[in-house]
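Here the structure comes first, spelled out in structure tokens, and everything after it is commentary.
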Amino acid sequence: QVHLVESGGGLVQTGGSLRLSCATSTLNLRAFGVGWFRQAQDGEREVVAAITWNAADTVYADSVKGRFIISRDNDRNVVALQMNSLKPEDTAVYYCAASRAGLRTAAEYAYWGQGTQVTVSS
């Protein structure tokens, strides 16, 4: 059963922006920390950004600090990732995931979406 659904991916030029959304109809996201991960072709899955259940704390990979912003709306059960100043190296499949444990490693997340492709052309 797919619990999380990502949307908003696509093709964008270098320097452009995209906004990803993560939604669910089967989980109460208020009970979870949520992270965005990405996996480039032939690469490992890495955490991009994460946010605690109440948005009190956020975590960003060094490679996206100052460019990406993670946010959540618990009333709408949605978590978003605003991606600005995109670079070709941001090209990857982006996944959202939910965790009741920590936020920094993939192993801590219990629920995953199926991913959305982001492609940044040079």
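This chain uses plain numbering: 1 for the first residue, then up along the sequence.
Using a 4.5 Å heavy-atom cutoff, the side chains of N54 and R72 are not in contact. Side-chain contact between C96 and Q114 is absent, with no heavy-atom pair separated by less than 4.5 Å. Between L11 and Q117 the shortest side-chain heavy-atom distance does not fall below 4.5 Å.
Cation-pi contact between R45 and Y95: present, with separation from the ring centre below 6.0 Å and deviation from the ring axis of at most 45°.
A salt bridge links D62 with K65: at least one charged nitrogen is closer than 4.0 Å to a carboxylate oxygen.
Nearest approach of S99 to G102, heavy atoms of both residues: OG-O, 2.7 Å. Summarising the geometry of A106 relative to W112, their closest heavy-atom pair is O-CZ2, 3.6 Å, with the distance given to 0.1 Å. Scanning both residues, P88 and S122, for their nearest heavy atoms gives CG-CB, 3.9 Å. The two residues A23 and V78 come nearest to each other via the heavy atoms CB-CG2, 4.3 Å. E6 and G115 make their closest contact through OE1-N, 2.9 Å (heavy atoms, listed as atom of the first residue, atom of the second, distance).
By the side-chain contact (heavy atoms from CB on, under 4.5 Å) test, A40 is found to be paired with A92, residues two or more places apart in sequence or in another chain being considered.
Side-chain atoms of E108 never come within 3.5 Å of backbone atoms of A101 as a donor-acceptor pair (strictly under, hydrogens ignored).
For the 3.5 Å distance criterion, the side chains of T24 and H3 fail to qualify, holding no donor opposite an acceptor. Side-chain atoms of T52 and D57 include no donor-acceptor pair closer than 3.5 Å.
By the 4.5 Å side-chain criterion applied to Ile, Leu, Val, Met, Phe, Trp and Tyr, V34 is assigned to a cluster that also includes L4, V12, L18, L20, L27, L29, F32, W36, V48, I51, Y60, V64, F68, I69, I70, V79, L81, M83, L86, Y94, Y111, V118, V120.
Here the straight-line distance linking atom CG of N84 with atom CG of D90 works out to 10.5 Å at 0.5 Å rounding. To the nearest 0.5 Å, the span separating CD on Q13 from OG on S121 amounts to 5.0 Å. We find the CG-CZ distance between N77 and R30 to be 8.0 Å, quoted to the nearest 0.5 Å.
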*Taking it one step at a time, do S63 and R38 satisfy side chain to side chain contact (heavy atoms under 4.5 Å, CB included)?*
CA-CA 12 Å; S63 58; R38 67 186 180 188; 3.3 Å; yes
_For R76 and S21: C-alpha separation, side-chain torsions, deciding distance, then whether side chain to side chain contact (heavy atoms under 4.5 Å, CB included) applies._
CA-CA 11 Å; R76 294 177 57 230; S21 291; over 6 Å; no
